[in-house]
Amino acid sequence: MKYEFSDIERKWQTYWQEQQTFATESSSDKPKYYVLDMFPYPSGSGLHVGHLEGYTASDIIARYKRSCGFNVLHPMGWDAFGLPAEQFAIKTGTHPKETTEQNIKSFKETLQRMGFSYDWSREINTTDPRYFKWTQWIFLQLYDRGLAYMSEVDVNWCEELKTVLANEEVEEKIADGYTVVRRPLRQWVLKITAYAERLLADLDELDWPENVKQMQRNWIGRSVGMEIDFELRCHNRRLKVYTTRPDTLFGATYLVISPEHELAEKLATAQQLVEVKNYIRQAKLKTELERTGLQKEKTGVFTGSYAINPATGEPLPVWISDFVLTSYGTGAIMSVPAHDQRDWEFARQYNLPIIEVIKSPHDVQEKVFEGKDSCCVNSSNPEISLNQLPFSEAFERMASWLESKKIGERKVNYKLRDWIFSRQRYWGEPIPIKHYLDGTIRTETTLPLMLPEVEAYHPSSTGESPLANIPHWLYGEDEDGPFRRETNTMPQWAGSCWYYLRFIDPTNQERLIDPEKERYWMNIDLYIGGAEHAVLHLLYARFWHKVLYDIGVVTTKEPFQKLFNQGMILGEDNEKMSKSRGNVIPADQVMERYGADAVRLYEMFLGPLEQVKPWNTNGIEGISRFLTKVWRVVYPGSDRDELTPAVALSGEPMPEELERRMHKTIKKVSQDTQNLKFNTAISEMMVFVNELHKAGCRNREAVETLLLLLAAYAPHLTEELWEAIGHGHSITKEPFPSFDPKLVEDPVLTITVQVNGKLRGTFSAPAGSPKEALLEEARKVESVIKFLEGKTIMREIVVADKLVNFAVK
RNA sequence: GCCAAAAUGGCGGAACUGGUAGACGCGCUGGACUCAAAAUCCAGUGAGUGAAUAACUCGUGUGGGUUCGAGUCCCACUUUUGGUACCA
């Protein structure tokens, strides 16, 4: 009988669907396990083999955990708001809803064809009003707590897309060939900075890849420093700067403010005014990228004004330069050119003095010294001296001194900025806010606030969304008077910020999630997805989760206890898969040819899950052969002389060697599966199958064990064979096999013999042989003798059960 | 520039807390089966010297070091990938 994967796979997929095999148990005494994939945006180009890597991994874990007695939640849904569907609508007039529905259908077919054990009764879709009702509800919670506010902000405006982009999206769009400029616009902003400290601190407890945690830490960018007030000469004002190095105050030789600083023009003396105005105007014309991108020569202009260095009493020229960022710290800095690269470059450019205040190994006039592990010098006045002090003590002493003089205070700063949350698009969650004539705003009382039908999807030319063109939706009146609706919609991140909660209670009309269910299922035991979401999605979702925690909707501080990033699968040319390169391997195509089980196995066999690795279509042949070999364990013969498998698998005993191999395999597959080392688990199963064939053994226990081990990996094939050998129920209901610890240890071991660390021979010895016996045996090994002859043995090293090494001279 | 990870045959990759480097698979070579092919099966396959299934030498990015013994630990460097980019 031949292994016809397409019939078999269809048969069992239908069976699972009919039997509701993977429906999550709603109430259960079992321990729970929540394994989640980052849900996809259903694009028009379908799924390729790279998309299926993470899903395959999570599915193996889900099936494995079920067989270990867990009640498993393994859901799937669609992050379906987003630009591509809208752009397609602009081009063709097709409603994004239609496009989205079609794409979802095709995605779902592919996923089902892979035999993934999702509980499809929990499927969610972020564009479904029953879902985005709660996205809007969360927005209102944020608004009520002052965490959502409107602000006229310089935004990244993309002319071609007629929309605002988040800082994080800018680079990506520029890479795609769009132009992005700075432009002030009224925007909704979420105050993620209010949670910066907690977002940083709580990272420590998460079981996440260290690099992802580090990326988030860098993104949050906490720094400890001081704000210091500098008195301005000839002005009755002070200038506040932020610095992390108050210990270098004695070395500050000038100040720099950003071109947007409120004092920039005011500080300009009559003589300098024209030049200053010119510089400020030019800075405004530059885009963010031109200003901050790439290292370039520093530019600046002198205001003509001076401030006083509170430590030295010396006058400090105040300069304006666009290398100082407006939006960080106070938009003004004190420059210590001897000990800061940027300040040093600027000082050299404009001939400003460079004074060494940290003991440097070289002349600071020639090269900057930024080290912190050296002591202060040239740093004293009648009131305070930092000389000889190392960094932290100098910092402390200077901080106290400035505090006592009331011209400085300690300050913690973050790189993290508030999150610009609005988009001028149609295909997103409408922001449920009403604007009244008097300028007040109120929240919508009935949710969801639906998206109206529109004629055209083009944004309005004013930069408002297409919603601004729909008068009957836009304007309304209630007891508070006439109002105009908010026309901005939410960014795509919104829906994915909380979807993992909705899977737990997907149809609840009354609340976002039932508290009892939340307590049972949260938090997520394993979250698998791509590293491209290391910062944005994962940071935004953590932020929302913490807000929901604060208002009592959830009971865990963090949503994703364990995170795993699967490595990208590259095309066969070792490049990232993309339509333009023409190296995309569509999932359906490979399944057609080799079957879902082979694709599943091969995805995992390619290499370590976390690693970036190229696809190689030839390699899947090996997996195909392996599956055929498994098939032939049960159906060994050709069509004619076939015994029915149930009869063929009689109680023929297993050779001891094979039995040990079986127990070793159980152990290895079990451990490797838990640790997501699927490539080595598969390799171990291959070894076992090869041994089975070599031994020609048809022992029932051996065959059943093999099928049970393989069930999570190749679910269709194992279901079919499980049935063929006489079982009346699904293999998914069987527990994972256990091994006998006594049988995984070999009674006779190969001992290595080395002379001076080089391999010279081996011999066999029973496990646990005493050292003396091993030494004696080792000396007798023929290939070793000649290396010992005529030499003096200086030392004999014996490692029990492993090796003997003679150090000779 | 800074931060993080990595570098092993022709290729993807194995190697437990330092203990036989190259498991498993691809590819390749030879053989069996076949009229022939496909499929399947068997054998071989890191490099070098060698008639050799004898024996030895070299070999895990480079150079040092620790150790009886290093792919694994330490130092320096090179390259690749990811992140970040004037955050004071």
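Reminder, nothing fancy here: chain letters follow the sequence lines and each chain counts from 1.
The nucleotide B/G19 finds its pairing partner in B/C68, both defining distances of the Watson-Crick or G-U wobble pair being shorter than 3.5 Å. Using N1 to N3 plus N6-O4 or O6-N4 for Watson-Crick, or N1-O2 and O6-N3 for G-U wobble, each under 3.5 Å, B/G27 pairs with B/U45. Across all strands shown, B/A52 has no partner, as no Watson-Crick or G-U wobble contact with both distances under 3.5 Å is found. Across all strands shown, B/A88 forms no Watson-Crick or G-U wobble pair with both distances under 3.5 Å. Base pairing analysis places B/A7 opposite B/U78; the two distances defining the Watson-Crick or G-U wobble pair are each below 3.5 Å. With a cut-off of 3.5 Å on both Watson-Crick or G-U wobble distances, the partner of B/C35 is given as none.
Residue A/Asn574 places no side-chain N or O under 4.0 Å from the OP1 or OP2 atom of B/G12. Between A/Arg632 and B/C41 there is a side-chain polar atom (N or O) within less than 4.0 angstrom of OP1 or OP2.
Residues A/Val224 and A/Ala531 both approach RNA chain B. Their nearest nucleotides, taken by heavy-atom distance, put A/Ala531 toward the 5′ side.
Here the side chain of A/Ile797 is nearest to one of B/G19, B/C41, B/C26, namely B/G19. Checked against B/C56, B/G13, B/C16, the side chain of A/Lys802 finds its nearest nucleotide in B/C16. The listed nucleotides are B/G25, B/U20, B/C3; the one nearest the side chain of A/Thr750 is B/U20. The listed nucleotides are B/U20, B/G27, B/G13; the one nearest the side chain of A/Arg625 is B/G27. When distances run from any side-chain atom of A/Ser683 to the nucleotides B/G69, B/A23, B/G13, the shortest one goes to B/A23.
For the pair A/Lys372 and A/Phe391, the distance from NZ or CZ to the six-membered ring centre is under 6.0 Å and the angle to the ring normal is within 45 degrees.
As judged by a 4.0 angstrom heavy-atom cut-off over every strand, A/Asn618 is placed among residues touching the sugar-phosphate backbone only. Contact annotation for A/Leu606: backbone-only contact, meaning every heavy-atom pair under 4.0 Å involves sugar-phosphate atoms and none involves a base.
As a whole-Å value, the separation of A/Gln671 CD from B/U17 P is 11 Å. In this entry the distance linking CZ of A/Phe806 with C1' of B/C68 reads 12 Å, nearest Å. To the nearest angstrom, P of B/U40 lies 9 Å from NZ of A/Lys629.
In B/G9 the base sits syn relative to the sugar, since the glycosidic angle is no further than 90° from 0.
The gap from the C1' atom of B/G12 to that of B/A6 amounts to 16 Å, rounded to the nearest Å. Nucleotides B/G25 and B/G19, compared at atom C1', are 27 Å apart to the nearest Å. Taking the P atom of each, B/G1 and B/C24 are spaced 43 Å apart, rounded to whole Å. As rounded to the nearest Å, B/G9 and B/A47 have P atoms that lie 12 Å from one another. With both ends at atom P, the span from B/A70 to B/G31 equals 42 Å, rounded to whole Å. Distance check on atom P: B/C58 versus B/G69 gives 15 Å, rounded to whole Å.
Using a 30° and 60° split on the angle between ring planes, A/Tyr602 and A/Trp615 fall in the perpendicular class, above 60°.
Looking at A/Tyr594 and A/Glu621, their side chains come closer than 4.5 Å, going by heavy atoms from C-beta outward.
In this structure, A/Glu610 places its CD atom where more than 12 heavy-atom neighbours from other residues, nucleotides or ligands lie under 6.0 Å away.
For A/Tyr350 and A/Tyr254, the ring centers are positioned 6.0 Å apart or more.
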Take A/Gln349 and A/Glu345, measure what side chain to side chain donor-acceptor pair (under 3.5 Å) needs, and give me the verdict at the end. CA-CA 6 Å; A/Gln349 180 100 11; A/Glu345 282 167 22; over 6 Å; no
